[in-house]
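Okay, structure first, notes after.
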Amino acid sequence: MSTTTQHHRIVVAGGGPGGLSIAARLAAHGLEVALIEPSSRHVYQPFWTLAGAGIVDHELSIRPMADMIPGGVKWLKTSVTGVQPELNQLQTEDGQTLSYDFLVVALGLQIDWHKIPGLPERLGQQGVCSIYDFSGSEQTWELIRNFKGGHAVFTFPPPPIKCAGAPQKILYLAEEYFRKADVRDTTQVSYFCATPTIFSVKKYADALMRQCVEPRGIEAHFNWRLKSIDADNCQALFENSESGEEKRVDYDLLHVVPPMSAPDVIKNSELSNAEGWVDVDKATLRHKRFDNVFAIGDCAGLPTSKTAAAIRAQSPVLAANLLAAVSGQAPTATYDGYTACPLVTGYGKAILAEFDYELQPQETFPFDQSKESLLLYLLKRFVLPQLYWRALIKGRRWPWSKVGT
């Protein structure tokens with residue numbers, strides 16, 4: 001039962017990159033903003049892939065949340081437990097009911113570890129690992145660097161997922177490390193992907209198969225999703241999405257990318273569409289039924305990849321349209337679905353996929369970004385993290401492009 005009631009001009013639910021970016025932009029216009037975020041730390045998740053391959057320490061991904069909160073924004077250190085957009089209200093875990101004039105939903109997505117029987121209790125043990133977890137990135141590196149040969153299996157779940165390129169990044173990095181460690185000749189590397197192709201954009205899919213999969217002897221299996229794990233016997237059960245066929249695969253190392261979905265608090269509210277995501281217009285990011293509600297980032301029901309780069313492109317659009325709504329005007333700024341994925345294909349190599357709603361490449365640089373490049377690797381490793389901390393989450397203009405992490 002609620003104990004207190006507060007009213008705020010604008011409430012931003014979620015303190016990830018989307019929530020911080022939009023809160024900073026709105027506060028810069030002098031608006032009264034409250035940001036709800038329970039965590040005491042902010043995590044730069046793109047580093048988890050690199051940590052899983054021994055390139056960076058996973059501790060480098062963490063900074064205090066208190067240092068991330070924009071000036072002038074009120075931080076409510078709690079979590080959202082319920083939303084009633086028809087009443088302009090939400091509830092928080094500490095017993096408050098908050099009312100608002102405008103709401104920005106930036107709650108990200110949830111990792112559904114429990115949907116893979118046998119996974120939650122064995123994560124980090126008996127050869128099972130995942131970079132989609134803070135401690136998991138360190139565990140992944142331990143397993144990769146101590147691997148002595150056998151069958152290394154990497155998975156990709158049915159989308160949508162956050163950073164859909166990450167499952168491939170750790171695959172390619174691990175395969176190259178096995179070569180460096182002189183165990184590749186005794187190692188079978190398999191990639192079980194729940195989708196029909198290795199990447200949604202044909203240009204990059206063709207390039208990845210041509211440069212990374214086929215010449216490196218990686219066995220790619222498409223339309224296969226991980227169904228369960230028998231860690232005691234080191235077996236993974238996969239199901240074919242087309243035929244319904246099931247097969248058991250023996251493994252010595254199993255990297256799991258778990259299923260993901262919209263947060264339950266969104267699914268259980270009037271905000272959601274049929275799939276559970278916030279039901280927003282894909283161009284304006286405004287809710288289709290509640291004019292004073294907007295959404296940004298992974299939780300938004302948008303037909304594009306869920307990346308920080310997408311947030312970078314969405315943030316100025318959402319801010320402009322919310323400011324228009326505050327002034328009683330119609331939203332006019334539009335988001336074209338831009339997203340990006342810097343795909344690390346090895347130690348010192350990367351390609352950069354950039355594309356829109358139509359899955360058409362929208363490349364930044366005057367060269368073919370589908371070709372492996374040291375320059376693109378350095379961009380990913382050194383430049384983008386600085387732009388994340390110094391520009392994206394501070395709501396500042398990007399200095400040279402829409403490229404994100």
Side-chain angles (χ1 to χ4, degrees), residues 109-133 136 140 143 147 149-172 174-175 178 184 186-202 204-210 212-262 274-276 303 305-306 343 359:
L109 51 66
Q110 68 185 28
I111 308 292
D112 294 326
W113 303 102
H114 64 283
K115 290 185 179 179
I116 304 292
L119 173 60
E121 61 271 26
R122 297 305 176 102
L123 190 62
Q125 306 171 33
Q126 295 175 278
V128 181
C129 58
S130 178
I131 56 166
Y132 278 82
D133 177 75
T140 299
L143 289 173
F147 190 70
H151 194 190
V153 177
F154 297 79
T155 73
F156 183 94
I161 71 168
K162 68 167 71 178
C163 192
Q168 287 186 65
K169 298 174 195 178
I170 194 62
L171 162 69
Y172 301 138
E175 192 276 337
F178 297 154
R184 184 64 177 94
T186 58
T187 299
Q188 177 187 3
V189 179
S190 298
Y191 184 54
F192 284 84
C193 180
T195 57
T197 60
I198 201 161
F199 203 79
S200 58
V201 179
K202 187 177 187 304
Y204 304 118
D206 291 346
L208 289 164
M209 293 298 292
R210 183 175 62 251
C212 305
V213 178
E214 294 165 355
R216 301 185 194 181
I218 296 171
E219 300 174 9
H221 307 270
F222 298 108
N223 295 310
W224 289 94
R225 73 172 183 91
L226 179 63
K227 192 173 182 181
S228 66
I229 297 171
D230 178 0
D232 289 333
N233 294 303
C234 293
Q235 286 190 333
L237 178 64
F238 289 90
E239 180 182 60
N240 188 283
S241 60
E242 292 186 327
S243 66
E245 174 192 356
E246 293 185 350
K247 67 177 175 182
R248 294 186 181 277
V249 176
D250 294 322
Y251 66 82
D252 297 284
L253 184 154
L254 177 65
H255 180 268
V256 180
V257 180
M260 303 175 202
S261 65
E275 291 75 40
S305 294
K306 298 180 182 298
L343 279 153
L359 300 181

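Residue indices begin at 1 and follow the sequence shown.
The minimum heavy-atom distance between Pro258 and Ser130, with the atom names listed, is CD-OG, 3.9 Å. Closest of all the heavy-atom pairs between Pro158 and Ala194 is N-CB, 3.4 Å. In this structure, Ile161 and Leu109 approach most closely via the heavy-atom pair C-CD2, 4.3 Å. Thr195 approaches Pro159 most closely through the heavy-atom pair CG2-CD, 3.6 Å. Closest heavy-atom contact between Pro167 and Cys163: CD-O, 3.7 Å. Nearest heavy-atom pair, Tyr172 versus Arg216, reported as atom, atom and distance to 0.1 Å: CB-NH1, 3.6 Å.
Looking at Gln168, its side chain does come within 3.5 Å of a backbone N or O of Ile198 through a donor-acceptor pair. His255 places a side-chain N or O within donor-acceptor distance of the main-chain N or O of Ile131, the cut-off being under 3.5 Å. The main-chain N or O of Ser243 is found under 3.5 Å from a side-chain atom of Asn240 such that the two form a donor-acceptor pair. Using a distance-only test at 3.5 Å, with no hydrogens or angles considered, a donor-acceptor pair links the side chain of Tyr132 to the main chain of Lys162. Under a 3.5 Å cut-off, the side chain of Asp252 and the backbone N or O of His151 do form a donor-acceptor pair.
If you take CD on Gln125 and CG on Leu143, they are separated by 10.5 Å, rounding to the nearest 0.5 Å. Between atom CG of residue Leu254 and atom CZ of residue Arg122 there is a gap of 12.5 Å, rounded to the nearest 0.5 Å. Atom CG in Asp112 sits 4.5 Å away from atom CD in Gln110 (nearest 0.5 Å). With rounding to the nearest 0.5 angstrom, the CZ atom of Phe154 is 5.5 Å from the CG atom of Leu253. If you take CZ on Arg248 and CG on Asp230, they are separated by 6.5 Å, rounding to the nearest 0.5 Å.
Residue Lys247 qualifies as enclosed at atom NZ: its count of foreign heavy atoms under 6.0 Å is above 12.
Side-chain contact between Pro160 and Glu275 is absent, with no heavy-atom pair separated by less than 4.5 Å.
Ring planes of Phe192 and Phe238: parallel class, angle under 30° (limits at 30 and 60°).
Shown are Ile170, Thr140, Val256, Leu123; of these, the side chain to side chain contact (heavy atoms under 4.5 Å, CB included) with Cys129 is made only by Thr140.
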Side chain to side chain contact (heavy atoms under 4.5 Å, CB included) assessment of Val257 paired with Phe156: CA-CA 6 Å; Val257 180; Phe156 183 94; 5.7 Å; no
For a side chain to side chain contact (heavy atoms under 4.5 Å, CB included) check, start with the C-alpha distance between Thr187 and Glu175, then their side-chain angles and the critical distance, and finish with the verdict. CA-CA 9 Å; Thr187 299; Glu175 192 276 337; over 6 Å; no
Acceptor/donor pairs from residues 220-228 side chains to any protein atom, 3.5 angstrom cut, sequence neighbours excluded:
unit_1 : atom_1 : unit_2 : atom_2 : d
Arg225 : NE     : Glu239 : OE1    : 3.2
Arg225 : NH2    : Glu239 : OE1    : 3.0
Lys227 : NZ     : Glu246 : OE2    : 2.4

